[in-house]
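Structure first, then comments.
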Protein chains: 2
Amino acid sequence: MIQRAPAVTSCCPPPRDQADLRPVEGDEAEVELASLAKALSHPARVRIVRILLRKDACVCGDLVDELPLAQSTVSQHLKVLKGAGLIRGEVDGPRVCYCIEPHALRRLRALVGALS
Amino acid sequence: MIQRAPAVTSCCPPPRDQADLRPVEGDEAEVELASLAKALSHPARVRIVRILLRKDACVCGDLVDELPLAQSTVSQHLKVLKGAGLIRGEVDGPRVCYCIEPHALRRLRALVGALS
DNA sequence: CCATCTAATCGTCAAATTACGATGATTCAG
DNA sequence: CTGAATCATCGTAATTTGACGATTAGATGG
């Protein structure tokens, strides 16, 4: 059992809501959807997103405890999610605090929703 | 310019609407979302889905004409989409007629929508 | 039957993905 | 300053992906 300092509440305040005016169709939208889908194309990454959503606040290495993967592997998955813009990481002392990027999820919903 | 016989209208009649009772959370849902996302994790496959949606009816080798890819590559992408359950292919004489599997798209929307 | 057309499959290659342990960088406690 | 803790990065190996040309399998038309 590893002890850790209590989680900081909301080290990643949700950014201001803002409408996304980019189109949901066309070549760019297709590449964008493919990119977001690729980030979610691995069960571990879907799980990370779910954990971050559930905990609402941001966790850091707790993710490693929740996943049956090595720390370096989790770090790689986090990098992929961050690269796609789905999460954000904020340095908080020796830890890094990850949280969902809400507008990226909204964008994903919009793009998937446009597949009608 | 390649001439082809006129497209058959609706060789893939949409199946009966039916509510999907499977949960949108939990391990299975995560694997399912990852699987669907993986199918859409390539721009060519997103494009194929969009084309099939736009044409509403099902096209076959016309997809090859619309994509800057070799026939065998398109066939592979179609196989991936079919494997994920997103499209269906029906043999129509010497051709194969592909169309969207609407309930799979609904399922995808539900799973993505559950990422709240 | 035979030639043709369509689409799937095979074989191949380069590149990307996924996983891990080891190593580095950074921060904090003492 | 030192050591411990946390996390990123590196190096590596196994697997998968994506692309293509060539070939195979079926169906149609003559």
Side-chain angles (χ1 to χ4, degrees), chain A residues 1-8 11-12 30-31 34-48 51-52 58-84 86-99, chain B residues 1-8 11-12 30-31 34-48 51-52 58-84 86-99:
Chain A
M1 195 62 66
I2 299 154
Q3 292 299 329
R4 227 185 298 272
V8 181
C11 66
C12 295
E30 282 165 11
V31 171
S35 167
L36 289 168
K38 188 168 198 164
L40 291 181
S41 70
H42 193 290
R45 291 196 288 267
V46 175
R47 170 156 274 269
I48 288 173
I51 292 173
L52 292 180
C58 28
V59 268
C60 37
D62 293 336
L63 287 165
V64 177
D65 298 342
E66 297 230 29
L67 295 167
L69 295 170
Q71 177 263 324
S72 57
T73 306
V74 173
S75 198
Q76 273 194 349
H77 284 307
L78 289 169
K79 188 177 183 177
V80 171
L81 287 170
K82 196 157 72 172
L86 278 167
I87 67 175
R88 189 186 351 173
E90 227 160 78
V91 177
D92 172 39
R95 302 168 227 278
V96 178
C97 213
Y98 285 98
C99 60
Chain B
M1 194 63 65
I2 298 153
Q3 292 299 329
R4 228 185 295 273
V8 181
C11 66
C12 295
E30 282 164 12
V31 172
S35 167
L36 289 168
K38 187 168 199 167
L40 291 180
S41 71
H42 193 289
R45 291 197 287 268
V46 175
R47 169 156 275 270
I48 288 173
I51 292 174
L52 292 180
C58 27
V59 269
C60 38
D62 294 335
L63 287 164
V64 177
D65 298 341
E66 297 229 30
L67 295 168
L69 295 170
Q71 177 263 324
S72 58
T73 306
V74 173
S75 200
Q76 273 195 351
H77 283 307
L78 289 169
K79 189 176 181 177
V80 171
L81 287 170
K82 196 157 71 172
L86 279 167
I87 67 174
R88 189 187 348 177
E90 229 161 77
V91 177
D92 173 39
R95 303 168 226 278
V96 177
C97 211
Y98 284 98
C99 60

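Lettering follows sequence order; numbering is per chain, from 1. Source: prediction; values computed, not measured. Atom set for the values below is all heavy atoms of this structure, side chains included, hydrogens, waters and symmetry mates excluded.
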Just how far, in rounded Å, is [atom2] of [N] from [atom1] of [X]?
X	N	atom1	atom2	result
B:D65	C:dT6	CG	C1'	12 Å
A:R47	C:dT18	CZ	C1'	18 Å
A:L67	C:dT18	CG	P	14 Å
A:D62	D:dA5	CG	C1'	13 Å
B:D92	C:dA8	CG	P	13 Å
A:K82	D:dA8	NZ	P	6 Å

Exercise for review: Give a yes or no on whether the backbone of A:S72 and the side-chain of A:S75 come within a donor-acceptor separation of less than 3.5 Å.
Suggested key: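 Not at all, since once roles are kept as given, no pair shorter than 3.5 Å links the two residues.
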Practice item. May I ask you to decide if B:A39's main-chain N or O and B:R45's side chain share a donor-acceptor pair within less than 3.5 Å? Key: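 Here the side-chain-to-backbone pair exists.
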**Study point:** Which atom of B:S41 lies closest to which atom of A:K38, heavy atoms considered
**Key:**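 Reported closest heavy-atom pair: CB-CA, 3.5 Å.
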Exercise for review: Between A:L78 and B:V91, name the one whose nearest nucleotide on DNA chain D is closer to the 5' end.
Suggested key: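 Mapping each residue to its closest nucleotide by heavy atoms, the 5'-most match is A:L78.
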Exercise for review: State which residue, out of A:V80, A:L86, A:I48, fulfils the side-chain contact (heavy atoms from CB on, under 4.5 Å) condition with A:L40.
Suggested key: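 The option that passes is A:L86.
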**Study point:** Under 4.0 angstrom between A:K79 side-chain N/O and D:dA8 OP1 or OP2
**Key:**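 Indeed not, no polar side-chain atom of A:K79 lies that close.
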Exercise for review: Sugar-phosphate atoms are those with a prime plus P, OP1 and OP2; base atoms are the rest. Using that split, label each nucleotide of nucleotides 11-24 of chain D B, S or - for protein heavy atoms under 4.0 Å, 5' to 3'.
Suggested key: ------SSBBBB--
Check your understanding: Nearest to the side chain of A:S75 - C:dT9, D:dA8, C:dT27?
Key ->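 From the listed options, D:dA8 comes nearest.
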Point to revise | Residue pair A:E90, A:Y98: steps toward the side-chain contact (heavy atoms from CB on, under 4.5 Å) verdict | key: CA-CA 6 Å; A:E90 227 160 78; A:Y98 285 98; over 6 Å; no
Check your understanding: Excluding sequence neighbours, so at least two apart, what forms side chain to side chain contact (heavy atoms under 4.5 Å, CB included) with B:Q76?
Key ->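 Scan of B:Q76 (side chain to side chain contact (heavy atoms under 4.5 Å, CB included), adjacent residues dropped) gives none.
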